[in-house]
A.B. asks: 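What follows is a single structure, and I will ask about it in a moment.
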Amino acid sequence: MSAEPIRNARGTRDFLPSDLVLVQHLERTAQAVAKSACYQEIRTPLFEETRLFQRSLGETSDVVAKEMFTVPKRVEPGASPNAGQDGYTFRPEGTASAARAYIQGGFAAHAPLQKWFYIGPMFRYERPQKGRERQFTQFGVEAFGVQSPELDAEVVSLALDFFLRLGFGEELQVRINSMGDPADRHRWSAKLKEFFQPQVDVPDSPRCADCVQRFQRNVFRLLDCKVPRCIELNQGAPDLFALMGEEALQHHHRFAQALSNLGHQPVEDRSIVRGLDYYTRTVFELHYPPLGSRSALCGGGRYDGLVAEMGGRPTPAVGFSIGFTPTELALAELKLPPAADLADLHAQLAPQIYLVAIAEEDRADVLRLTHRLRQHGWRCSCDYRQKSAKAQFKEAAKSKAILALVLGAEERAADQVVVKDLRLQEEQRVEISALPALLAQLLA
RNA sequence: GUGGGUGUAGCUCAGUUGGUUAGAGCACCAGAUUGUGGUUCUGGGGGUCGGGGGUUCGAGUCCCCUUACCCACCCCA
């Protein structure tokens, strides 16, 4: 049996100790931003009933149509489970689960206003490429129970704050649009189909092949096609804003106003059309133009219909999600964050104290002392490979420890220990009883 | 799902028009006289050259297939 080594599954990543430094920094930044605005953390299961996503994201969305990690509910021999309809699916995004938890928790009745955030892995069965993985981490925020456009602006400002704290500059751009209310959307959809029909429904369509496809699945997407010819053909297409109801229009204006009130002049961008069904009114994206083609950092919007659609009381809501992977890519390109921001996390990878046993007979005492110091809260390490004293000092240096404690026959006889500062190469011999105080001073 | 690129030690790569036991740097391990470090020196472990088939006297080096990864499209975080 020639055992071929098993590798990580396609589209997944190992986060090794040094990789985690950045990730942990992203996590704590996200938490700090969210908590500063009194958003509370939630953790929902990594998998849900498949129906949850079919209902919330829409059967025609790409995510549901071809990117779901679905497993059958039961795998009994002989049974023929229908995973597609009656199975579990690893969550491809966080909003559906949050809405489900909101409904299930009965918040509409006793505490309709809920501001939540989450950080965790999401799964999509896609072909991996740069900035896109099958398992990825998202930071998301969802605020339930308020339909005021000022809340939309608050949510956007959280996303902005996240990137600003990571070191992004003032070039950060908020692009906004509105999807109107469902009735507006239906009218618009009909008008669009009417408008595009002649372009698509002919043997030799002037539109690109993708657009012909999109026409069936999601007409809105024709609008953000990048093919030059298609862009031309989009001239004169029906404008949603001309069909939108007064309330939705007002909402959008107040949203834009609230944003500029917070100091973020938004950019109107009619091509922003989120791919998931549940969005209503506000949709937005954060961009960082210096990044060029990969400038999109965050996407979000309002989904006033989702909770009711899923069987809860009608509850307005708004949120966003930020992918860690694109964020990491952007940070790398921008040479961010500054090393100082990560210094503490890096430092935690190294021991503070490395204990050296001069001879074999000293090892037992070294282990005892190591154990004691750990209980005091110091990060301590020592050798378990019978290395020579010399090699232990090498090990101590390599480990980036700050101090070395040396225990030999002389020290043990006198109840003392040598404390060596590896940065200054200075050492002193002290009574064991005085050790905690000295360490506290040296490692402050 | 479609198209393109790549695949030599843990990592970064050399390997001349196919030629004999496949190399380097870094990393790792051990030493350089007796209780002390990141420099230096010496030695050592580690590769069925992604896998399979073919051409050839002979292939890491050419051809085919396959697989993994990467990149782009689609879509999106």
Side-chain angles (χ1 to χ4, degrees), chain A residues 2 4-13 16 26 57 60-67 91-95 119-140 159 162 208-211 213-214 217-218 221 224-227 272-276 285-286 293-300 319-330 354-362 383 385-412 418-427 429:
Chain A
S2 73
E4 250 177 63
I6 297 173
R7 302 175 53 88
N8 62 313
R10 184 166 209 199
T12 65
R13 258 200 292 174
L16 303 176
L26 296 184
L57 307 183
T60 60
S61 68
D62 275 28
V63 176
V64 170
K66 51 186 195 191
E67 298 174 0
R91 62 183 189 188
E93 54 103 56
T95 301
I119 300 169
M122 307 293 163
F123 307 83
R124 291 187 198 177
Y125 207 118
E126 297 184 89
R127 188 126 175 202
Q129 67 176 59
K130 196 176 184 65
R132 195 175 73 185
E133 301 160 295
R134 289 182 174 181
Q135 178 182 330
F136 55 97
T137 300
Q138 274 188 352
F139 162 41
F162 174 72
C208 68
D210 289 327
C211 277
Q213 290 286 319
R214 286 190 274 242
R217 271 222 319 277
N218 191 340
R221 300 225 73 90
D224 65 341
C225 183
K226 297 133 205 144
V227 177
I272 296 177
V273 185
R274 313 255 87 216
L276 308 178
E285 289 179 359
L286 254 54
S293 63
R294 218 180 292 278
S295 70
L297 295 170
C298 165
F320 70 70
S321 72
I322 292 170
F324 273 18
T325 314
T327 302
E328 288 167 55
L329 243 41
Y354 194 99
L355 289 92
V356 174
I358 293 302
E360 280 306 306
E361 312 84 75
D362 306 317
D383 171 59
R385 291 181 293 181
Q386 320 310 127
K387 282 177 180 283
S388 66
K390 188 190 187 88
Q392 289 178 60
F393 276 99
K394 284 189 180 179
E395 197 65 24
K398 198 171 64 181
S399 76
K400 300 267 172 49
I402 298 163
L403 302 177
L405 297 199
V406 189
L407 222 48
E410 293 173 33
E411 289 81 6
R412 287 200 294 134
V418 167
V419 178
K420 177 168 184 175
D421 189 316
L422 293 168
R423 299 163 299 189
L424 307 171
Q425 302 201 42
E426 288 172 2
E427 61 181 53
R429 190 187 285 204

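All values derive from a computational prediction rather than experimental measurement. Residue numbers begin at 1 in each chain, while the letters A, B, ... track the order of the sequences.
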A.B. asks: Between the base of C29(B) and the side chain of R385(A), is there a donor-acceptor distance below 3.5 Å?
C.D. replies: no
A.B. asks: Starting at NZ of K394(A) and ending at P of G38(B), how long is that distance when rounded to a whole Å?
C.D. replies: 6 Å
A.B. asks: Which nucleotide sits closest to the side chain of D62(A): C73(B), C75(B), G35(B)?
C.D. replies: C75(B)
A.B. asks: Do E93(A) and V63(A) come close enough that some side-chain heavy atom pair is under 4.5 Å?
C.D. replies: no
A.B. asks: Going by modelled atom types, is there a donor-acceptor pair between the base of U36(B) and the side chain of Q425(A) at under 3.5 Å?
C.D. replies: no
A.B. asks: Taking the nucleotide of RNA chain B with the nearest heavy atom to each, does K398(A) or G323(A) sit closer to the 5' end?
C.D. replies: K398(A)
A.B. asks: Atom NZ of K66(A) and atom P of U2(B): how far apart are they, to the nearest Å?
C.D. replies: 12 Å
A.B. asks: Taking the side chain of V406(A) as its heavy atoms from C-beta onward, which of U36(B), C74(B), G37(B) lies nearest to it?
C.D. replies: U36(B)
A.B. asks: Between E285(A) and G11(A), which has a closest nucleotide on RNA chain B that is more 5'?
C.D. replies: G11(A)
A.B. asks: Confirm from the modelled atom types if K390(A) and U36(B) form a donor-acceptor pair under 3.5 Å, side chain to base only.
C.D. replies: no
A.B. asks: Any donor-acceptor pair, under 3.5 Å, between the side chain of R132(A) and the base of C75(B), if you only look at N and O atoms?
C.D. replies: yes
A.B. asks: Assess whether a salt bridge exists between E361(A) and R412(A), defined as any Lys/Arg side-chain N lying under 4.0 Å from an Asp/Glu carboxylate O.
C.D. replies: no
A.B. asks: Quiz question: going by heavy-atom distance under 3.5 Å, is there a donor-acceptor pair between the base of G1(B) and the side chain of E67(A)?
C.D. replies: no
A.B. asks: Kindly point out which of G35(B), A77(B), C74(B) is positioned nearest to the side chain of Q138(A)?
C.D. replies: A77(B)
A.B. asks: Starting from P on G3(B), measure out to CZ on R127(A) and report it in whole angstrom.
C.D. replies: 9 Å
